[in-house]
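In what follows, chains are A, B, ... by sequence order, proteins preceding strands, each numbered from 1. What you are looking at is a predicted structure, and each value in this text was computed from that prediction instead of being measured.
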Amino acid sequence: RLRKWQERIRTKDAGERNLQFALSEMDRMASALGAPRSTREVASVLYRRALNEDLIRGRSIEAVSTSCLYAACRMEGIPRSLDEVTEVARVPYKEIGRTYRYIAQELKLEMQPVDPKEYVPRFASELGVSEEVKQKANEIIDVSAEQGLLSGKSPTGFAAAALYAASLLCNEKKTQREVAEVSQVTEVTIRNRYQEQIEAMGLY
Amino acid sequence: MTSPADSIEIQNVVASTGIGQELDLEALADDLPGADFNPDNFPGLVYRTQNPKAAALIFRSGKIVCTGAKSIDDVHEALDIIFDKLRGLSIPVEEDPEITVQNIVSSADLGHNLNLNALAIGLGLEDVEYEPEQFPGLVYRMDEPEVVILLFGSGKIVITGGKQTDDATTAVEQIVERIENLGLLG
DNA sequence: GCTTTAAAAAGTAACCT
DNA sequence: AGGTTACTTTTTAAAGC
């Protein structure tokens, strides 16, 4: 009886210690990603829910913490791509993706696909383009998505191409290389999405 | 009018069987030309047949997995070739070992582009996995028949996890009906 | 969970010319 | 800029770590 009681305390203490570690990890990554405090709070709520529903068994605290932060950014409408998250994480891309899908399913988060427009403000400010370019990029995204070009495409690449096209249309040209750098997408992908988008806009 | 069900093509059939006889894979690797055996990487010996094209994983226990065949008949033909090769090596093989089809992978074409974003919401986010950042296909798990369907923006789809030939047909009819009811097909 | 095998779908990426 | 190769997803059995 005493053993069980001691074990319970030990488990609870371990859980608390692990929770503190998870919270500090999420805080570290959120800082590195420049995510606001609200996002860290959402992420910590997700982690506590995962802990309460025993979703961490068989997975690393690192992977669950990282996935919660990735999900929280999306839920707050200020997504970080899996590539960006991987850069500040201590677990590989594939494991973050797999753990995120598991957590999202089990916690019934019913995550909507990321809207490429949600990447525009951040990429645009990193590129240092005007408000006009942002608006044009959003317009390009809406028009080409309505024409069915978005299905299956990476939201990051879609946003990157729209920003590249918008920078040309607004005479504030950014090179494909510059856009590729801030969006973590290859120039080949930007070129491919760009061609489809300007055709959709009737601008070729 | 051709229906999507008519576009179904079986792409791969996975089946398991066994010869009811323990095998010395090291010796078998030497006696079977073209056999790949790397016990450090994987416990099974890999043997490929050319006609029909298939790959067999042969285990020490005598159990065999056959994959890559384009039809159930091809699975039987490929395994018969392997059974005969083993017999030719003086390894006793039962007359007609039981062969169990474990998985059939098929492809089909719905004939219209799909708005995967709308489809994810329409089919129910709880039953759907659609993460275009990680993979361009929408993953839909169907209960009856119990198969997994991958749907792409082009309208092309993949049906996998079925054990019977008509699972794919039933699945395609079901998914077409669901998408039509959602007003998302063409 | 991982290792291996096959196959389709479409997107993205890496590498070479 | 283009082409090739290769990886992402799903399924499934096998024996063993």
(Q) Just by distance, no angles: are the side chains of S81(A) and Q184(A) close enough, under 3.5 Å, to form a donor-acceptor pair? (A) no
Q: If a protein heavy atom is under 4.0 Å from the base, mark B; if only from the sugar-phosphate, S; if neither, -; do that for nucleotides 12-17 of chain C going 5' to 3'.
A: SSS---
Q) Short question: side chain of D167(B), backbone of K163(B) - any donor-acceptor pair under 3.5 Å? A) yes
Q: Could you check Q102(B) against P136(B) and say which one's nearest nucleotide on DNA chain D is further toward the 5' end?
A: P136(B)
Q | Options dT10(D), dA9(C), dA6(C), nucleotide nearest the side-chain atoms of K156(B) | A | dA9(C)
(Q) Regarding dA8(C), can its base be found pairing with the side chain of S107(B) as donor and acceptor, where the two atoms are less than 3.5 Å apart? (A) no
Q: Please state how far atom CG in D74(B) lies from atom C1' in dA6(C), giving the value in whole angstrom units.
A: 13 Å
Q: Send over the distance from F152(B) CZ to dG11(C) P, rounded to a whole Å.
A: 9 Å
Q.
Donor-acceptor pair, distance only, cut-off 3.5 Å: does the side chain of R48(B) make one with the backbone of A54(B)?
A. no
Q: For S106(B), report the nucleic acid contact type (base, sugar-phosphate, nothing); a contact means any heavy atom under 4.0 Å.
A: nothing
Q. Which residues pass the salt bridge (Lys or Arg N to Asp or Glu O under 4.0 Å) test with D115(A), sequence neighbours left out?
A. K117(A)
Q: Write down the distance separating the P atoms in dA1(D) and dA9(C), rounded off to the nearest Å.
A: 28 Å
(Q) Can you work out whether E196(A) or F59(B) has the more 5'-proximal nearest nucleotide on DNA chain C? (A) F59(B)
Q. Which residue pairs satisfy the salt bridge (charged side-chain N to carboxylate O under 4.0 Å, His left out) criterion with at least one member in residues 190-204 of chain A, sequence neighbours excluded?
A. K153(A)-E196(A), R193(A)-E196(A)
Q.
If we ignore hydrogens and angles and just use 3.5 Å, is the side chain of Y130(B) paired with the main-chain N or O of G152(A) as donor and acceptor?
A. yes
Q | V158(B) side chain, from C-beta outward: closest of dT12(D), dA8(C), dT3(C) | A | dA8(C)
Q: Would you indicate which nucleotide in dT9(D), dT11(D), dA8(C) comes nearest to any side-chain atom of R141(B)?
A: dT11(D)
(Q) Between P on dG11(C) and CZ on R191(A), what's the gap in Å once rounded to a whole number? (A) 17 Å
Q: May I have all residue pairs that pass salt bridge (charged side-chain N to carboxylate O under 4.0 Å, His left out) and include part of residues 121-134 of chain B, sequence neighbours excluded?
A: R74(A)-E131(B), R101(A)-E129(B)
Q.
For dT10(D), does the base pair up with any side-chain atom of T160(B) as donor and acceptor (N or O, under 3.5 Å, distance only)?
A. no
**Q.** Euclidean distance, atom CG of residue N103(B) to atom P of dT11(D) [Å, nearest integer]
**A.** 9 Å
**Q.** Residue pairs, two or more places apart or on separate chains, that pass side chain to side chain donor-acceptor pair (under 3.5 Å) and touch residues 111-121 of chain B
**A.** none
Q: Please confirm whether the backbone N or O of A180(A) pairs with a side-chain atom of E187(A), one donor and one acceptor, at under 3.5 Å?
A: no
Q: Round to the nearest Å and state the distance from E22(B) atom CD to dA14(D) atom C1'.
A: 13 Å
**Q.** K63(B) side-chain N/O to G18(B) backbone N/O, donor-acceptor pair under 3.5 Å
**A.** no
(Q) Output the rounded distance in Å from CD1 (I8(B)) to C1' (dA9(C)). (A) 15 Å
Q.
Regarding S65(A) and E25(A), do their side chains bring together a donor and an acceptor under 3.5 Å, going by distance alone?
A. no
Q | Neighbours of DNA chain D within residues 43-57 of chain B, by heavy-atom distance under 4.0 Å | A | P43(B), L57(B)
Q) Where each residue is assigned the nucleotide of DNA chain D containing its nearest heavy atom, which of Q176(A) and S61(B) is assigned the position nearer the 5′ end? A) Q176(A)
Q. Of the residues in residues 92-104 of chain A, which ones touch DNA chain D at a heavy-atom distance under 4.0 Å?
A. K94(A), R101(A)
(Q) I want to verify a distance call: between dA8(C), dA14(D), dT8(D), whose nearest atom is closest to the K63(B) side chain? (A) dA14(D)
Q | Length of the line joining L150(B):CG and dT11(D):C1', which is rounded to integer Å | A | 9 Å
Q) Does R177(A) come within less than 4.0 Å of E181(A), counting only side-chain N to carboxylate O? A) yes
Q: Taking S154(A) for its side chain and T156(A) for its backbone only, find out whether a donor-acceptor pair lies under 3.5 Å.
A: yes
Q) Are there more than 12 heavy atoms of other residues, nucleotides or ligands under 6.0 Å from atom NZ of K85(B)? A) no
Q | Near-strand residues of residues 111-126 of chain B, defined as heavy-atom separation under 4.0 angstrom from DNA chain C | A | none
Q: Look at K53(B) together with D74(B) and state whether they make a salt bridge at an N to O cut-off of under 4.0 Å.
A: no
(Q) Applying a 4.0 Å non-hydrogen cut-off, can you work out what T100(B) is touching in the nucleic acid: base, sugar-phosphate, or nothing? (A) nothing
**Q.** Within residues 27-38 of chain B, residues whose heavy atoms come under 4.0 Å of DNA chain C
**A.** none
Q. Looking at E95(A) and R98(A), does any basic side-chain N land under 4.0 Å from a carboxylate oxygen?
A. no
Q) When you compare dG2(D) with dA8(C), how far apart are their C1' atoms, in angstrom units rounded to a whole number? A) 25 Å
(Q) For F42(B) and L149(A), find the nucleotide of DNA chain C closest to each by heavy atoms; which residue's nucleotide sits nearer the 5' end? (A) F42(B)
Q: Report the residue from I82(B), D84(B), L86(B) that forms a side chain to side chain contact (heavy atoms under 4.5 Å, CB included) with V93(B).
A: L86(B)
Q) Within the distance-only criterion (no hydrogens, no angle test), does the side chain of Q105(A) pair as donor or acceptor with the backbone N or O of Y102(A) below 3.5 angstrom? A) no
Q. Does any donor atom in the side chain of S107(B) or Q11(B) lie under 3.5 Å from an acceptor atom in the other side chain?
A. yes
Q: Among dT10(D), dT12(D), dA7(C), find the nucleotide with the atom closest to the side chain of Q11(B).
A: dA7(C)
Q: Please report, rounded to the nearest Å, how far the C1' atom of dG2(D) is from the CD atom of Q195(A).
A: 14 Å
Q. Is there side-chain contact between Y100(A) and Q134(B), with at least one heavy-atom pair below 4.5 Å?
A. yes
Q | Proximity to DNA chain C (any heavy atom under 4.0 Å), residues of residues 161-169 of chain A only | A | none
(Q) Can you confirm if the NZ or CZ of R80(A) lies within 45° of the ring axis of Y70(A) and under 6.0 Å from the centre of its six-membered ring? (A) no
Q.
Any base atoms under 4.0 Å from V148(B), or only sugar-phosphate, or nothing? Heavy atoms, all strands.
A. sugar-phosphate
Q. Between T39(A) and E76(A), is a side chain to side chain donor-acceptor pair (under 3.5 Å) present by the stated rule, with each step listed?
A. CA-CA 7 Å; T39(A) 303; E76(A) 291 295 288; 4.9 Å; no
Q: Output the residues of residues 78-98 of chain B in contact with DNA chain C, where contact means a heavy atom of the residue under 4.0 Å from an atom of the strand; sort by number or write none.
A: none
Determine all donor-acceptor pairs shorter than 3.5 Å in which one atom belongs to a side chain in residues 139-157 of chain B; sequence neighbours excluded.
from	atom 1	to	atom 2	distance (Å)
Y140(B)	OH	R178(B)	NH1	2.8
S154(B)	OG	K156(B)	N	3.2

